[in-house]
Amino acid sequence: MGILNMADMNKALLLKWLWCWIDNPSVLWGPLARERYNCGLFGRALFPQHARSLSGIWKGIMGGLEDFVQATRWVIGTGDRVSFWSDLWTGNRPLGERYAAIFRIAVNTDAPVSSFWRRRGGDGYWEVLVRRNLNDHEVDGYLQLLEELHGVRVVEDRLDQIIWKPKPAEGFSVKGGYDWVRRHRVVESWMARKHKEVWGCKIPLKIKAFMWLVYQEKILTKSYISKWVPDIEKRCVLCGAEDETVTHLFIACPMVKQVWRWMSMAGGLGDSFTNLESLWQSGKSLRNPVDRSVRAKVSQILIPAVVWSTWLIRNHVVFRGSIPYAENIWESVIRMVSDWGVFCVGATSVRLIDGVLDVRE
């Protein structure tokens, strides 16, 4: 019917304020607000950041900053307004994210692009200083960084320009901002739902915390640890076939896949998921004829039970040298579901859980 989503339109209008703040810094209210809130000269410091000193209006406007940062990028001119490590001005992500190992040892981690550019005759070159000698595993990353910078030049007679990524040639418009917010809301809605669903599960608190780290992909798998210990053996300890990532350990590992198959045989969870989102969605489409609320309650028990059991068995292998079997994971699932089943309200829920567990007995 053409009725706008008012929450999305509000975000689009916040983006307009931020766009005007950066794209047209000479507007009357700009210098006044910068002086009032002691804004910096480049990067995130260009925006009012100190929440305690902000007025209610500016607190609301700054609520759209993360959306603004994700939807924009910089075209380098003098390089005075752009943060070298934190802003997006080359590649598809900030340099500090893509070259994290170099960023951690860099001399200037909070400096504008212009401070890394050195004039030499009619041209110039990039100088990225580090606090110590590079380790062997850091050399390639440093060379890749310099190679990427080789094709970029500071233009001293042109101001840095902010561009709207969805339509670089046209620039920002409220309609474009509204369309972007709606598309972005679809992308981020899965994690927003996970926050509500994970912390609303009727399971022990420490399992909730663990599941939240799993969905954030922040648990200490070998691949995650390799960010700090590059030489670590990253192979999965359960199967040894692939690197131990969150997706592999809890979904793609053949041993864990067997557990999901047993669930599927009992008419519980499906086994066709390929990532964490599709895993959770499979719990909402349980094939047993129960209503939606019961499906949600059951999936909130079964999925964490399998994930936590897999993690326990994995740790037994790493720290105790145990030999892993799919049956060990399943037995752990049975014990956990039996303990947590009291949280699953309703006789139908209990019967469904019993049916899932009976498949291996």
Problem set entry | Thr109 (side chain) donor-acceptor with Ala106 (main chain) under 3.5 angstrom | no
For this session: Please report the shortest heavy-atom distance between Met336 and Ala305, naming the atom on each side.
Result: SD-O, 3.9 Å
For this session: Kindly indicate, with the supporting measurements, whether the criterion side-chain contact (heavy atoms from CB on, under 4.5 Å) is fulfilled by Trp164 and Trp180.
Result: CA-CA 10 Å; Trp164 180 250; Trp180 185 89; 3.9 Å; yes
For this session: For Gly64 and Leu14, work out which heavy atoms get closest and say how close.
Result: N-CD1, 4.1 Å
Problem set entry | Donor-acceptor contact below 3.5 Å, side chain Ser226 vs main chain Ser223 | yes
Seminar exercise, completed: Hits for ring pair (Phe, Tyr, Trp, His ring centres under 6.0 Å) against Tyr224, two or more places apart or cross-chain, chain-then-number order -> Trp228
Problem set entry | Nonpolar side-chain network containing Ile323, other nodes, edges under 4.5 Å | Tyr325
Seminar exercise, completed: In terms of heavy-atom contacts, Ile22 and Trp74 come closest through CG2-CH2, 3.5 Å
For this session: With sequence neighbours left out, write down each residue that passes ring pair (Phe, Tyr, Trp, His ring centres under 6.0 Å) with Phe210, or none if nothing qualifies.
Result: Trp308, Trp311
Side chains of residues 88-97: which donor-acceptor pairs under 3.5 Å do they make with residues two or more places apart or in other chains?
unit_1: Trp89; atom_1: NE1; unit_2: Phe84; atom_2: O; d: 3.0
unit_1: Thr90; atom_1: OG1; unit_2: Glu148; atom_2: OE2; d: 3.0

Exercise. Are Leu312 and Val214 co-members of a hydrophobic cluster defined by side-chain heavy atoms under 4.5 Å apart?
Worked result: yes
Exercise. CZ of Arg119: more than 12 outside heavy atoms within 6.0 angstrom?
Worked result: yes
Exercise. Does Ser173 have any side chain to side chain contact (heavy atoms under 4.5 Å, CB included) partners at least two apart in sequence or in another chain, and if so, which?
Worked result: Lys175
Exercise. For residues 92-111, which residue pairs qualify under ring-ring contact (aromatic ring centres under 6.0 Å, His included), counting only residues two or more places apart or in two chains?
Worked result: Trp85-Phe103
Problem set entry | Point-to-point distance, once rounded to the nearest 0.5 Å, from OG of Ser114 to CD1 of Ile76 | 9.0 Å
For this session: Could you check Ile105 against Tyr142 for side-chain contact (heavy atoms from CB on, under 4.5 Å), going step by step and ending with a plain yes or no?
Result: CA-CA 11 Å; Ile105 62 174; Tyr142 186 81; over 6 Å; no
Exercise. Do the side chains of Met211 and Pro304 get nearer than 4.5 Å, heavy atoms only?
Worked result: yes
Seminar exercise, completed: Nearest heavy-atom contact between Pro112 and Ser115 is O-OG, 2.8 Å
Seminar exercise, completed: Taken in chain and number order and not counting sequence neighbours, the residues that satisfy salt bridge (charged side-chain N to carboxylate O under 4.0 Å, His left out) with Glu242 are none
Exercise. Roughly how far, to the nearest 0.5 Å, is the CG atom of Asp160 from the OG1 atom of Thr78?
Worked result: 4.0 Å
Exercise. Should Ile163 and Phe68 be regarded as members of a common hydrophobic cluster, given that ILVMFWY residues are connected when their side-chain heavy atoms come within less than 4.5 Å of each other, either directly or indirectly?
Worked result: no
Exercise. Can you name the residues that form a salt bridge (charged side-chain N to carboxylate O under 4.0 Å, His left out) with Arg235, not counting sequence neighbours?
Worked result: none
Exercise. In chain order, what residues pass the salt bridge (charged side-chain N to carboxylate O under 4.0 Å, His left out) check against Glu147, with sequence neighbours excluded?
Worked result: none
Problem set entry | Neighbour count above 12 (heavy atom, 6.0 Å) for Asp136 CG | no
Problem set entry | From Lys234 atom NZ to His248 atom NE2, the distance as rounded to the nearest 0.5 Å | 13.0 Å
Exercise. Under the side chain to side chain donor-acceptor pair (under 3.5 Å) test, which residues partner Lys206, sequence neighbours left out?
Worked result: none
Exercise. For the residue pair Ala326 and Val259, what are the closest heavy atoms and their distance?
Worked result: O-CG2, 4.0 Å
Exercise. Under a single-linkage definition using a 4.5 Å side-chain heavy-atom cutoff for Ile, Leu, Val, Met, Phe, Trp and Tyr, are Leu249 and Ile232 assigned to the same hydrophobic cluster?
Worked result: no
Exercise. Is any side-chain heavy atom of Leu238 less than 4.5 Å from a side-chain heavy atom of Val256?
Worked result: yes
Seminar exercise, completed: In this structure, CZ of Phe172 is separated from NZ of Lys167 (nearest 0.5 Å) by 11.5 Å
Seminar exercise, completed: Here the pair of heavy atoms bringing Gly77 nearest to Val154 is O-CG1, 3.3 Å
Exercise. Looking at Glu138 and Arg104, does any basic side-chain N land under 4.0 Å from a carboxylate oxygen?
Worked result: no
Exercise. Looking at residues at least two apart in the chain, or sitting in another chain, which of them share a salt bridge (charged side-chain N to carboxylate O under 4.0 Å, His left out) with Asp231?
Worked result: none
Problem set entry | Shared hydrophobic cluster for Val318 and Ile329 (ILVMFWY, side-chain gaps under 4.5 Å) | yes
Problem set entry | Whether over 12 other heavy atoms sit under 6.0 Å from Lys16 NZ | no
Seminar exercise, completed: Sequence neighbours excluded, the answer for side chain to side chain donor-acceptor pair (under 3.5 Å) partners of Arg314 is Glu244
For this session: Would you check, one step at a time, whether the test side-chain contact (heavy atoms from CB on, under 4.5 Å) holds for Asn5 with Tyr178?
Result: CA-CA 9 Å; Asn5 183 302; Tyr178 178 79; 3.8 Å; yes
For this session: Look at the side chain of Lys165 and the backbone N and O of Gln70, then say whether any donor-acceptor pair between them is shorter than 3.5 Å.
Result: yes
For this session: Identify whether the distance between the nearest side-chain nitrogen and carboxylate oxygen of Asp123 and Arg153 falls below 4.0 Å.
Result: yes
Exercise. CG of Asp67 to CG of Leu18: how many Å apart, nearest 0.5 Å?
Worked result: 9.5 Å
Problem set entry | Single-linkage hydrophobic cluster, 4.5 Å side-chain cutoff, Leu220 and Val246 together | no
Problem set entry | Atom pair OG1 (Thr221) and CD (Glu217), whose distance is rounded to the nearest 0.5 Å | 8.5 Å
For this session: In sequence, state the C-alpha distance, the side-chain angles, and the governing distance for Ile219 and Phe250, and then conclude on side-chain contact (heavy atoms from CB on, under 4.5 Å).
Result: CA-CA 12 Å; Ile219 62 169; Phe250 298 119; 3.4 Å; yes
